[in-house]
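All ligand and atom numbering here is 1-based and tracks the order in the structure.
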Amino acid sequence: MIVIGAGIVGLTSAWWLVQRGHRVTLLDPALERSGSETAASRLAAPEPAVRGEQASGQPQLLSGSDAALGLLMADVFHRSSGRAWRLRQRSRTLWDQWRRSLEERGLPLAFRPGLLLLANDQDQGQRHRVLVAERLAQGIPLELWSQQRLASLAPQLPAGCCGALYSPRDGQLDPAVALRQLRIDGQRQGLELLAASARRLERKGGDWCVHLESGERRCAAGIVLAAGLNLAALWPEAAAASPAPRLAAVLGQALELQLAAGDPDPQGWPGSLTWCGINLVPRPGRRLWLGATLEPGQRADPEALERLRSLNGQAPAWLQRAAVVRHWQGLRGRPEGQPAPLLQQPAEGLVVAGGTYRNGVLLAPALAELVVECLETA
Ligand SMILES: Cc1cc2nc3c(=O)[nH]c(=O)nc-3n(C[C@H](O)[C@H](O)[C@H](O)COP(=O)(O)OP(=O)(O)OC[C@H]3O[C@@H](n4cnc5c(N)ncnc54)[C@H](O)[C@@H]3O)c2cc1C
């Protein structure tokens with residue numbers, strides 16, 4: 001099998017194919033940077049993600065998977081049935097299982113459980129109450145936290161916060177660590193990583209052939225096309241497919257902040273926080289990720305960044321004092337004319353997967369499982 005694209009969707013698909021006993025090549029030009037398993041990486045403990053600015057001082061434009069904050073929001077999803085709900089629940093279960101098996105093989109993933117959705121008005125508080133009642137009836141643990149309980153948290157929450165919903169099973173998975181450990185584990189089980197760019201696909205007899213930018217050609221019985229925003233460009237007859245796989249780019253900017261000396265460590269919170277659509281993710285070393293903006297297109301808006309930095313004008317004093325140590329941006333693919341995520345099998349042996357929009361890290365395992373099911377039942 002050949003998997004095109006080593007973002008979280010392609011990598012988890014390749015890794016799951018390998019677990020199922022398939023011989024797999026994963027190709028992506030970005031693998032040149034992330035590299036393969038080396039003696040150093042074999043010995044190294046997972047390090048925090050490195051997301052940086054270029055020498056020019058401009059934030060680097062990363063792929064969705066390299067830019068992601070890694071929030072896994074399954075139980076707090078606003079619906080309780082349908083495909084999107086089922087995929088979220090399946091992914092939550094699979095991430096738990098995959099974390100355990102990777103840990104047993106000496107490759108732990110960095111997951112911090114706990115998610116606190118803050119309510120900024122009474123309407124939102126009411127929506128939280130309805131959701132908690134619904135989840136408790138399903139046997140899923142969600143809690144309502146009062147304003148008094150929140151007042152005891154340090155660092156202090158934004159002033160307009162009037163209550164919260166706490167989800168103990170949702171949380172944050174460090175995407176960079178997950179990508180690296182899956183690559184290493186896959187390689188140890190025979191996954192071939194190829195730093196190469198696919199130019200086009202061609203059906204040749206019973207096989208699919210991938211023509212690479214280098215002029216080389218690789219053929220296999222099955223292809224997974226998971227090339228993010230480039231997915232439609234590589235899919236033969238994509239425009240004629242029904243529905244046609246159209247992905248709109250939505251840019252997201254994010255910041256890493258270093259808290260001022262003397263201010264409390266956000267690791268004291270019961271997990272990651274979400275306030276008016278902005279996520280606050282505690283990081284090691286008294287740091288905090290803040291993200292991400294939702295900007296249609298590929299051009300970053302400095303005002304959107306300012307709104308993020310100031311929590312829409314409601315940043316508490318400790319947040320205003322924190323120093324920006326990193327700024328990055330990445331692109332998400334939002335499907336047009338069909339719901340996220342996108343999974344299509346236009347021909348035998350060809351599976352197209354992506355369009356996970358804001359939830360690719362969460363949805364990747366369930367999507368990978370479906371991708372493999374498509375190829376095995378073809
Ligand atoms: C700022 C930001 C924050 C986010 N936060 C979260 C979050 O908290 N939780 C969450 O679940 N999701 C989050 N997301 C969304 C998530 O990151 C995406 O949904 C997910 O990463 C998409 O994964 P993908 O593998 O489909 O695409 P990508 O990550 O874009 O990967 C596609 C890969 O294909 C490769 N490729 C492209 N063209 C070719 C070619 N011709 N040949 C070979 N390879 C090719 C690219 O190099 C790339 O590596 C966030 C996204 C952004 C931008």
Side-chain angles (χ1 to χ4, degrees), residues 2-14 25-34 49 51 59 61-74 77 87-88 91-92 95 115 170-176 178-179 194-201 210-214 218 223-235 247 249-255 272 274 278-281 289-295 298 300 304-305 308 327-335 340-343 352-368 371:
I2 297 175
V3 179
I4 304 174
I8 192 77
V9 171
L11 176 58
T12 49
S13 299
T25 299
L26 175 63
L27 63 90
D28 189 320
L31 285 170
E32 198 147 45
R33 272 182 284 117
S34 43
R51 295 130 190 266
L61 182 60
L62 304 169
S63 73
S65 303
D66 287 334
L69 304 189
L71 287 152
L72 307 184
M73 299 190 181
F77 186 50
L87 285 175
R88 279 164 173 75
S91 265
R92 205 188 52 69
W95 269 130
L115 186 70
D170 291 320
Q172 191 251 352
L173 180 80
D174 186 319
L179 289 166
L194 186 62
S197 183
R199 192 157 44 86
R200 68 183 175 89
L201 298 183
V210 186
H211 294 263
L212 306 177
E213 290 295 350
S214 62
R218 291 281 187 121
I223 298 272
V224 181
L225 184 47
L229 283 162
N230 285 347
L231 175 150
L234 291 167
W235 177 355
L247 291 181
V250 179
L251 184 135
Q253 302 189 66
L255 295 170
S272 299
T274 297
I278 299 174
N279 301 310
L280 295 91
V281 180
W289 284 351
L290 207 58
T293 61
L294 281 177
E295 305 174 49
Q298 306 207 13
L305 181 68
L308 175 73
H327 170 205
W328 69 95
Q329 57 194 35
L331 295 177
R332 319 164 175 95
R334 179 167 50 79
L342 195 148
L343 178 72
V352 181
T356 45
Y357 188 34
R358 298 176 74 182
N359 290 291
V361 182
L362 168 64
L363 295 174
L367 203 52
V371 163

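Of the protein's non-hydrogen atoms, the one nearest atom 38 (N) of ligand 1 is N230 ND2, 2.8 Å. For atom 23 (O) of ligand 1, the closest heavy atom belonging to the protein is S65 OG, 3.3 Å. Annotation: atom 15 (C) of ligand 1 to nearest protein heavy atom, Y357 O, 3.1 Å. Shortest contact from atom 27 (O) of ligand 1 to any protein heavy atom: G228 CA, 3.8 Å. In this structure, the protein non-hydrogen atom closest to atom 39 (C) of ligand 1 is A227 CB, 3.9 Å. Nearest protein neighbour of atom 42 (N) of ligand 1, counting heavy atoms only, is A198 N, 2.9 Å. Scanning the protein heavy atoms around atom 24 (P) of ligand 1, the nearest turns out to be V9 CG2, 3.8 Å. The protein heavy-atom contact nearest to atom 31 (O) of ligand 1 is G7 CA, 3.5 Å.
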Next on the checklist: Working note: L212 + L194, criterion side-chain contact (heavy atoms from CB on, under 4.5 Å); need CA distance, chi angles, decisive distance, verdict.
Outcome noted: CA-CA 11 Å; L212 306 177; L194 186 62; 4.2 Å; yes
| Would I4 and L201 satisfy side-chain contact (heavy atoms from CB on, under 4.5 Å), going step by step from the backbone distance to the final call? | CA-CA 10 Å; I4 304 174; L201 298 183; 3.6 Å; yes
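Neither the backbone nor the side chain of Q329 comes within 4.0 Å of ligand 1, counting heavy atoms alone. The proximity of I8 to ligand 1, defined as any non-hydrogen pair under 4.0 Å, involves the side chain as well as the backbone.
Side-chain atoms of R332 and L294, non-hydrogen and from C-beta on, do get closer than 4.5 Å to each other. Side chains of L71 and S272 form a contact here, defined as non-hydrogen atoms less than 4.5 Å apart.
By the 3.5 Å distance cut-off applied to N or O atoms, D28 is counted among the residues near ligand 1. Note: an N/O pair closer than 3.5 Å links L71 and ligand 1 by distance alone. In terms of polar-atom proximity, G355 is not counted as a contact of ligand 1, lacking any N or O under 3.5 Å from an N or O of the ligand. Here's the thing with R332: none of its N/O atoms is less than 3.5 angstrom from an N/O atom of ligand 1. Any N or O atom pair closer than 3.5 Å counts here, and L234 shares no such pair with ligand 1. Taking any N or O of A292, backbone or side chain, none lies under 3.5 Å from an N or O belonging to ligand 1. The shortest N or O to N or O distance between G64 and ligand 1 is under 3.5 Å. Distances between N or O atoms of W328 and those of ligand 1 include no value under 3.5 Å. Note: no N/O pair closer than 3.5 Å links I4 and ligand 1 by distance alone. Of the polar atoms of G360, at least one N or O is found under 3.5 Å from an N or O of ligand 1, judged by distance alone.
To the nearest 0.5 Å, the span separating CG on L331 from CG on D66 amounts to 11.5 Å. In this structure, the separation between CG on L305 and CD on E295 is 8.0 Å, given to the nearest 0.5 Å. Atoms CZ and CG, on R88 and L362 in that order, are 6.0 Å from each other to the nearest 0.5 Å. With rounding to the nearest 0.5 angstrom, the CG atom of L247 is 6.0 Å from the CG atom of L229.
Within the 4.0 Å heavy-atom shell around ligand 1 one does not find A254. Using a non-hydrogen distance threshold of 4.0 Å, G291 does not register as a contact of ligand 1.
Looking only at distances, a side-chain donor or acceptor of Q172 sits under 3.5 Å from a matching main-chain atom of L69. T12 places no side-chain N or O within donor-acceptor distance of the main-chain N or O of P365, the cut-off being under 3.5 Å.
Remark: among candidates R200, R358, E295, the nearest residue to atom 12 (N) of ligand 1 is R358, based on non-hydrogen atoms.
Residue L72 is tested with L363, N359, L173 for a side chain to side chain contact (heavy atoms under 4.5 Å, CB included); the sole match is L173.
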